[in-house]
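To start, the structure under review is shown below, and the notes come after it.
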Amino acid sequence: MQIRNFILFLYIIIPAVSFAQTPYWQQQVNTKINVTLDDQKHFLRGWETISYLNNSPDTLHHIYLHLWANAYKHDHTPFAEQQYQQGKTNFYYAKASQRGYIDSLNFMVDGNSLSYSSAVDTPDIAKLQLVHPLPPGGSVTISTPFRIKIPKLFSRLG
């Protein structure tokens, strides 16, 4: 009797579950970056253009971007906390002048500025509020100037 129940499970339940799954999708993001390096003052200055194709089944009202340089902004970022928990204290106790950040951002779509925000404890994650919803299959081109203060070598960015 148990074998029969198991066979029914294999033939009925497993195919039903596999058909109920959402098909795999992945957003497509292409970037163009023009940048200059000031190796005396340890700054990058540039302009970035991001082409974003919404391959999801959902309409998007905002997009999240990772502002990597802001992971080095202060001693309470997720990066700083992780380093401290691993016993690596050189970043946690670093001088402000040794840390890094990104600023001078002005995200634009079709000449319209996008508002964006970051939480104090995650300054390396920005939430961009789109001017118009981005439907499935739709695309948007976002551009912004930027300036990055290159930190002392604590990990990848320095």
Side-chain angles (χ1 to χ4, degrees), residues 18 20-158:
S18 65
Q21 294 178 352
T22 304
Y24 175 79
W25 56 267
Q26 184 173 344
Q27 303 295 38
Q28 181 177 336
V29 180
N30 297 304
T31 60
K32 290 183 183 178
I33 302 173
N34 293 314
V35 67
T36 58
L37 168 65
D38 181 339
D39 60 352
Q40 298 298 312
K41 295 182 181 176
H42 305 280
F43 276 96
L44 295 172
R45 288 179 179 80
W47 187 269
E48 182 171 14
T49 302
I50 303 164
S51 298
Y52 191 101
L53 174 61
N54 181 10
N55 286 322
S56 81
D58 301 315
T59 296
L60 304 180
H61 299 277
H62 55 269
I63 295 173
Y64 288 93
L65 292 179
H66 201 150
L67 305 175
W68 288 101
N70 278 350
Y72 303 89
K73 193 169 187 172
H74 53 68
D75 63 357
H76 287 86
T77 65
F79 168 75
E81 301 283 341
Q82 179 187 46
Q83 292 288 297
Y84 188 79
Q85 289 171 0
Q86 293 175 355
K88 300 173 186 174
T89 59
N90 59 344
F91 178 77
Y92 192 83
Y93 294 112
K95 298 175 187 174
S97 63
Q98 296 175 318
R99 295 196 173 126
Y101 54 84
I102 186 169
D103 66 10
S104 305
L105 298 167
N106 182 21
F107 295 103
M108 306 277 289
V109 172
D110 298 328
N112 297 310
S113 287
L114 298 180
S115 63
Y116 71 96
S117 60
S118 294
V120 174
D121 60 340
T122 55
D124 55 330
I125 305 294
K127 180 180 179 180
L128 278 65
Q129 193 65 42
L130 297 174
V131 176
H132 303 288
L134 185 60
S139 64
V140 64
T141 301
I142 303 167
S143 60
T144 185
F146 64 89
R147 182 180 76 148
I148 294 176
K149 163 66 171 77
I150 302 170
K152 178 182 169 184
L153 183 58
F154 297 108
S155 71
R156 295 180 269 176
L157 183 62

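Since the structure is predicted, the reported quantities are computational estimates derived from the model, not experimental observations.
- Panel note: side chain N34, backbone W47; no donor-acceptor pair is recorded below 3.5 Å.
- Side chain of K149 to main chain of K73: no donor-acceptor pair is present (N/O by atom type, distance under 3.5 Å, no hydrogens or angles).
- Nearest heavy-atom pair, A126 versus S118, reported as atom, atom and distance to 0.1 Å: CA-OG, 3.6 Å.
- Using a 4.5 Å heavy-atom threshold, the side chains of H62 and L128 count as separate.
- Within 6.0 Å of atom OH in Y84, 12 or fewer heavy atoms from other residues, nucleotides or ligands are found, so the atom counts as exposed in its surroundings.
- The two residues N55 and Q26 make their nearest non-hydrogen contact at ND2-O, 2.8 Å.
- Contact annotation: the side chain of H76 approaches that of Y92 to within less than 4.5 Å [non-hydrogen atoms, C-beta and beyond].
- Taking F146 as the reference, nothing meets the ring pair (Phe, Tyr, Trp, His ring centres under 6.0 Å) condition, with sequence neighbours excluded.
- No donor-acceptor pair closer than 3.5 Å links the side chain of Q129 to the backbone N or O of L114.
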Evaluation steps, side chain to side chain contact (heavy atoms under 4.5 Å, CB included), between V35 and I148: CA-CA 10 Å; V35 67; I148 294 176; over 6 Å; no
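- Geometric assessment of R99 against the ring of Y101 yields a negative cation-pi assignment under the 6.0 Å and 45° thresholds.
- Using a 4.5 Å heavy-atom threshold, the side chains of R147 and D103 count as touching.
- Of all heavy-atom pairs spanning N70 and I102, the tightest one is OD1-N, 2.9 Å.
- The OH atom of Y93 sits 13.5 Å away from the CD atom of Q83 when rounded to the nearest 0.5 Å.
- I142 contributes atom CD1, which lies 10.5 Å from atom OG1 of T49 (distance to the nearest 0.5 angstrom).
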Derivation of the side chain to side chain contact (heavy atoms under 4.5 Å, CB included) call for E48 and I33: CA-CA 4 Å; E48 182 171 14; I33 302 173; 3.8 Å; yes
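- Looking only at distances, no side-chain donor or acceptor of N54 sits under 3.5 Å from a matching main-chain atom of G138.
- Between the side chain of N30 and the backbone N or O of S51, no donor-acceptor pair lies under 3.5 Å.
- In terms of heavy atoms, S56 sits closest to Q27 at N-OE1, 3.3 Å.
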Candidate pair F79 and D124, rule side chain to side chain contact (heavy atoms under 4.5 Å, CB included), full reasoning: CA-CA 9 Å; F79 168 75; D124 55 330; over 6 Å; no
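- Here the CD1 atom belonging to I125 is positioned 11.5 Å from the OG atom belonging to S117, to the nearest 0.5 angstrom.
- Among all heavy-atom pairs drawn from T77 and A71, the shortest one is OG1-O, 2.7 Å.
- Looking only at distances, no side-chain donor or acceptor of D58 sits under 3.5 Å from a matching main-chain atom of L60.
- Inter-residue side-chain proximity for F107 and L65 is flagged as met; some heavy-atom pair is nearer than 4.5 Å.
- The two atoms that bring S139 and L134 nearest to each other are N-CD1, 3.5 Å, heavy atoms only.
- Listed for the T144 side chain is a donor-acceptor partner under 3.5 Å among the backbone atoms of N106.
- Within 6.0 Å of CG on D110 lie no more than 12 heavy atoms contributed by other residues, nucleotides or ligands.
- Aromatic ring orientation, W68 versus H66: parallel (interplanar angle below 30°, classes split at 30° and 60°).
- By the 4.5 Å heavy-atom criterion applied to side chains, P78 and T122 are counted as neighbours.
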